[in-house]
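Comments concern the structure below.
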Amino acid sequence: MSHIVLRCPRCGRTRPADMSTDVCRDCGAPLDVEYLADHKTDGKSNTYEARTPVHNASSGVSLGEGDTPCVHLKALGENLGMRRLHGKLEFLNPTGSFKDRGTAVMISVAMDHGVTELVEDSSGNAGASVSAYAARAGVKAHVFVPADAPQAKLRQIRIYGAEVHPIEGLRDAVTAAAMVYHRQQGLVYASHMLSPYFAEGTKTFAYEVAQQFDGALPDHIVFPVGNGSLFIGAFKGFCELQAAGHTGKIPRLHCVQARNVMPLVAAFTGQAWDPEAASRTVAGGIAIAAPSRQEQILDILRLVEGTAVAVEEPSIMQMQLDLAKQEGIFAEPTSAAAFAGLEEIAKQGVIRENDTVLVPVTGFGLKDEVPL
Ligand SMILES: Cc1ncc(COP(=O)(O)O)c(C=O)c1O
Ligand SMILES: [Zn+2]
């Protein structure tokens with residue numbers, strides 16, 4: 001018997017854990033993993049272990065993802081009026097972005113289920129990650145990408161051997177094409193947006209933060225959010241740690257989006273926003289006009305007293321340069337957007353000078369167009 005089921009966060013129905021269910025068959029919401037057996041966490045050695053949906057961990061796939069360093073960003077922090085600003089260098093994951101945390105678990109579960117061929121759609125980073133882990137697992141991957149995705153990301157997806165399907169139009173057209181293809185071909189849709197297993201993988205972010213900050217969690221964590229896989233996974237991880245008695249509070253988790261694609265910010269702040277109004281942004285990783293887990297993200301924001309802010313294109317580009325020149329960190333624009341948002345959140349008075357603040361630097365700069 002499996003140690004997990006899939007539960008719908010909207011209507012509460014459960015169904016057996018498999019690789020073929022995209023969304024709840026009753027209400028259409030994306031599903032979450034729920035653990036039936038109590039997987040022990042180890043509190044004794046201060047190495048807390050995240051529960052995992054993988055059945056057979058020894059035969060799962062890994063490239064050594066996670067355990068990324070946290071560094072103090074003194075100069076940038078001073079300029080933004082905060083003394084305790086830290087960056088967690090997620091771009092040091094095996095394919096250069098945080099996505100590897102989720103992909104490792106999603107592909108390992110796929111292996112548990114004997115999957116040999118799968119479909120994914122991505123603006124680049126998730127595609128590169130899935131392509132790499134699929135190669136290592138001996139699984140054939142079809143990656144649907146925007147035709148205008150950064151060339152470096154497209155090359156990275158190709159080199160690991162995935163079949164790349166470029167699609168013209170906005171990001172949502174790419175998802176639509178991937179869904180048609182997986183249905184027509186009878187293939188598994190291993191979508192980092194919908195997969196309940198992906199966010200289970202990103203949970204490790206929270207476990208590492210708890211260890212790196214020695215239980216005294218940051219007051220604020222600021223995420224660049226498109227579909228919310230890191231945001232949701234981090235929240236799940238902090239909830240597990242809290243439930244196991246390892247931590248007291250959950251940090252205030254904040255979302256940053258680009259002004260050009262800001263569905264979550266609009267919904268959170270009660271502004272009208274039409275997905276048709278979405279326009280191109282340098283922060284391509286968060287250019288999701290209709291996030292499939294929007295309800296879940298908004299619920300989390302309210303629970304943790306987070307906020308959601310939108311940032312302008314020039315401030316994203318300026319922040320990419322500031323990070324590089326002031327801290328020696330070359331982040332891709334999507335990741336720089338989180339720091340631009342941090343500046344905005346600080347201006348709103350939500351963050352105080354002595355608060356401990358963490359920002360995941362989600363993707364490496366060479367993956368995108370290089371600004372100079
Ligand atoms: C570098 C980078 N940061 C952040 C994100 C946002 O992740 P999510 O869509 O899961 O919120 C992405 C997604 O592609 C990304 O590539
Ligand atoms: Zn449902």
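The figures that follow rest on heavy atoms only: side chains count, while hydrogens, waters and symmetry mates do not. Just follow the structure's listing: the first ligand is 1, and inside any ligand the first atom is 1.
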Less than 4.5 Å apart, side chain to side chain, heavy atoms only: is that true for Gln156 and Tyr160? yes
Does the pair Glu78/Lys74 count as a salt bridge with the N-to-O cut at 4.0 Å? yes
Residue part near ligand 1, for His192, under 4.0 Å between non-hydrogen atoms: neither
Ring centroid separation His86 to Phe213 under 6.0 Å: yes
Heavy-atom distances under 4.0 Å are what count here, so tell me which part of Ser335 touches ligand 1: side chain, backbone, both or neither. side chain
Candidate list Arg252, Lys249, Arg84, test salt bridge (charged side-chain N to carboxylate O under 4.0 Å, His left out), partner Asp219, passing option: Lys249
Please state the angle at the Zn ion (ligand 2) spanned by SG of Cys11 and SG of Cys8: what is it, rounded to 10 degrees? 110°
May I ask whether Lys99 places a heavy atom under 4.0 Å from ligand 1? yes
Heavy-atom gap Pro224 to ligand 1 smaller than 4.0 Å: yes
Nearest non-hydrogen protein atom, atom 9 (O) of ligand 1: Asn227 N, 2.7 Å
Does ligand 1 come near enough to Gly285 that some N or O of the ligand is less than 3.5 Å from an N or O of the residue? yes
Pull out every atom of ligand 1 sitting under 4.0 Å from any heavy atom of Gly363, numbered as shown with elements. 1 (C)
Exactly one of Glu208, Glu65, Glu200 should register a side-chain hydrogen bond (donor to acceptor under 3.5 Å, both in side chains) with Arg101. Which one does? Glu208
Should the pair Lys153-Glu332 be classified as a salt bridge under the 4.0 Å nitrogen-to-oxygen rule? yes
Quick check on Glu168: does its CD atom have over 12 non-hydrogen neighbours (other residues, nucleotides or ligands) under 6.0 Å away? no
With a 4.5 Å heavy-atom cut-off, do Leu321 and Met317 have their side chains touching? no
Using a strict cut-off of 4.0 Å, indicate which atoms of ligand 1 neighbour a heavy atom of Gly226. 6 (C), 8 (P), 9 (O), 11 (O)
Other residues, nucleotides, ligands: >12 heavy atoms within 6.0 Å of Arg10 CZ: yes
Nearest-contact summary for atom 7 (O) of ligand 1 - protein heavy atom, Å: Phe98 CZ, 3.4 Å
With a 6.0 Å cut-off on the ring centroids, do His254 and Phe223 count as close? no
Check each heavy atom of Met193 against ligand 1 and say whether those closer than 4.0 Å belong to the side chain, the backbone, both or neither. neither
Mode of Asn125 contact toward ligand 1 - side chain, backbone, both, neither (heavy atoms, under 4.0 Å): side chain
By number and element, which atoms of ligand 1 are closer than 4.0 Å to a non-hydrogen atom of Ile286? 6 (C)
If we set the cut-off at 4.0 Å for heavy atoms, which region of Ile288 has an atom near ligand 1: side chain, backbone, both, or neither? neither
Among Ile329, Thr68, Leu92, find the one that has a side-chain contact (heavy atoms from CB on, under 4.5 Å) with Val361. Ile329
Looking only at heavy atoms of Phe91, does any of them come nearer than 4.0 Å to an atom of ligand 1? no
Backbone or side-chain N or O of Thr362 under 3.5 Å from ligand 1 N or O: yes
Within the structure provided, determine whether Val359 and Ile221 are in side-chain contact (heavy-atom separation under 4.5 Å). no
For ligand 1, is any non-hydrogen atom under 4.0 Å from Ser229's backbone (N, CA, C, O), its side chain (CB onward), both, or neither? both
List ligand 1 atoms under 4.0 Å from Gly228, heavy atoms only on the residue side. 8 (P), 9 (O), 10 (O), 11 (O)
Report the part of Phe231 in contact with ligand 1, treating N, CA, C, O as backbone and CB onward as side chain, heavy atoms under 4.0 Å; options are side chain, backbone, both, neither. neither
Show the atoms of ligand 1 that are less than 4.0 angstrom away from any heavy atom in Val225. 11 (O)
